[in-house]
Engineer: 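The structure is given below, and queries will be raised subsequently.
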2 protein chains.
Amino acid sequence: MPRILDSFRTNALRFSPQRYAVLQYLTTHPSHPTAEEVHKALNRNNPRASLATVYKALHALAQAGLVREVNLSANVTRFECAGERHHHFVCERCTRIEDLPWFDVAGLAVKTKAAPRTVRTWELVLYGLCESCQPQPKEKLKWRK
Amino acid sequence: MPRILDSFRTNALRFSPQRYAVLQYLTTHPSHPTAEEVHKALNRNNPRASLATVYKALHALAQAGLVREVNLSANVTRFECAGERHHHFVCERCTRIEDLPWFDVAGLAVKTKAAPRTVRTWELVLYGLCESCQPQPKEKLKWRK
DNA sequence: GTCCCTGCAAACGGTTTGCACCCGG
DNA sequence: CCGGGTGCAAACCGTTTGCAGGGAC
């Protein structure tokens, strides 16, 4: 994936196999994993990386703007690739976190309501049931596509 | 404050001086304090409450629906009285957290964009500069009210 | 030689828990 | 006597840090 290698070059971030592996894992797993999860996943294959190194890599990548921290539930930080801005959807049943397209929330008269404060950015998190956790319509139509 | 006493009665929550003090502190300090802050504040006056008790009280109050946890920054949980729903504004300079009126964000075509998920609720957090952290217009008009 | 990345283990800090004590009913 | 709130201290757990070792340049 030359794309990933490029991001090291263009972001003044030293390359290392561990950092590469962490970034690659995040790009291929858009599931907002925790540092622990990244650590476990990396140690199944190569290269290995200690938990401390995973943390350091994640912070270095975040510093370089390649990775974003996601703090939804207290007590644990999750990570994602810093692609386009988006919102998050949290399924209250399976706890999965999904990305939603970016809405211009603050354009919606919100800025005026927030006055006299100055709004620079915002975060919107929706809570509900994801597609596969929808309550099933009893029986009928079950086989209808 | 009979109002607060009432909430114990109507929420199937046992009264205790410590719980009362915690709840009272939250009602009179809408600054989203941490457990630590509540603890320190209580131990200046009476009744005292150990940190463990403050945590237990906060959780009991949250369970009863009288208090809400606010998780904005990772690594620390803040608490507020569970009054009307509202959004939060975080000042990026003084880190103050302010309440904003509730917007029907998800009514605005957002629900359709989130489909096929079902949206139950949402949280909107705005980031920027609060009123007293606004950049001052250089010199002029400084004394104009 | 210099820079800095890695890995280990210890430290850290917010939060939770186990347990003895105690108070009200 | 019982239920359960309190306080202390220890445990917990995600995260950070100090430090020795080592690889790239």
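Just so it is clear: chains get the letters A, B, ... in the order the sequence lines come, proteins before strands, and each one is counted from 1. Computed from a predicted model, the values in this text were never measured in an experiment.
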Engineer: Taking only the side-chain nitrogens and oxygens of A:Tyr55, find out if one of them lies under 4.0 Å from OP1 or OP2 of D:dT16.
Structural biologist: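 No, outside the criterion.
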Engineer: Identify each atom pair where a protein N or O and an N or O of nucleotides 5-8 of chain D are less than 3.5 Å apart, giving names and distance.
Structural biologist:
residue, atom, partner, partner atom, Å
D:dG5, OP2, B:Arg19, NH2, 3.4
D:dG5, O5', B:Arg19, NH2, 3.3
D:dG5, O3', B:Ser16, OG, 3.4
D:dT6, OP1, B:Ser16, OG, 2.7
D:dT6, OP1, B:Gln18, OE1, 2.8
D:dG7, OP2, B:Ser50, N, 2.9
D:dG7, OP2, B:Thr53, OG1, 2.8
D:dG7, O6, B:Lys56, NZ, 2.8

Engineer: Report yes or no: is the cationic atom of B:Arg117 (NZ for Lys, CZ for Arg) under 6.0 Å from the centre of the six-membered ring of A:Phe89, at an angle within 45° of the ring normal?
Structural biologist: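 Output yes; distance and angle both within limits.
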Engineer: Under 4.0 Å between any heavy atoms, over every strand shown, what does A:Thr77 touch: base, sugar-phosphate, or nothing? Just pick one.
Structural biologist: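 Contact class for A:Thr77: sugar-phosphate only.
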Engineer: Which of parallel (below 30°), tilted (30 to 60°) and perpendicular (above 60°) describes A:His86 and A:His32?
Structural biologist: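 Answer is perpendicular, since the angle exceeds 60°.
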Engineer: Tell me the interatomic distance from B:Lys40, atom NZ, to C:dG14, atom C1', rounded to whole angstroms.
Structural biologist: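 Those two atoms, NZ and C1', are 12 Å apart.
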Engineer: Please determine whether the number of non-hydrogen atoms from other residues, nucleotides or ligands lying under 6.0 Å from atom CD of A:Gln63 exceeds 12.
Structural biologist: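 No.
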Engineer: Round to a whole Å and report the spacing from CG of A:Asn75 to P of C:dT17.
Structural biologist: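 In whole Å, C:dT17 P lies 12 Å from A:Asn75 CG.
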Engineer: Scan for salt bridge (charged side-chain N to carboxylate O under 4.0 Å, His left out) pairs involving residues 27-39 of chain A, sequence neighbours excluded, and state none if there are none.
Structural biologist: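 Pairs touching residues 27-39 of chain A that pass the test: A:Glu36-A:Lys40, A:Glu37-A:Arg78.
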Engineer: Checking the side chain of B:Arg19 only, and the main-chain atoms of B:Arg14 only, is there a donor and an acceptor separated by less than 3.5 Å?
Structural biologist: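 Checked: pair present.
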Engineer: Please report the distance, rounded to the nearest Å, between CG in B:Asn71 and P in C:dG14.
Structural biologist: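 About 15 Å, once rounded to whole Å.
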Engineer: Please report, rounded to the nearest Å, how far the P atom of C:dT16 is from the CD atom of B:Gln63.
Structural biologist: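 For the pair B:Gln63 CD and C:dT16 P, the rounded distance is 13 Å.
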Engineer: Can you find a side chain N or O atom of B:His59 that sits less than 4.0 Å from OP1 or OP2 on C:dT16?
Structural biologist: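 Looking at the OP1 and OP2 atoms of C:dT16, one of them is under 4.0 Å from a side-chain N or O of B:His59.
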Engineer: What is the distance, rounded to the nearest whole Å, between atom CG of A:Leu13 and atom C1' of C:dC3?
Structural biologist: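 After rounding, the reported distance stands at 15 Å.
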Engineer: Hey, is A:Arg68 close enough to A:Glu80 for a salt bridge, meaning N to O under 4.0 Å?
Structural biologist: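 Salt bridge: yes.
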Engineer: With a non-hydrogen cut-off below 4.0 angstrom, is B:His39 in contact with a base, only sugar-phosphate, or nothing?
Structural biologist: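 Nothing, no heavy atom under 4.0 Å.
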Engineer: Quickly work out the A:Leu58 CG to C:dG7 P distance and round it to whole Å.
Structural biologist: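 To the nearest whole Å, that distance equals 13 Å.
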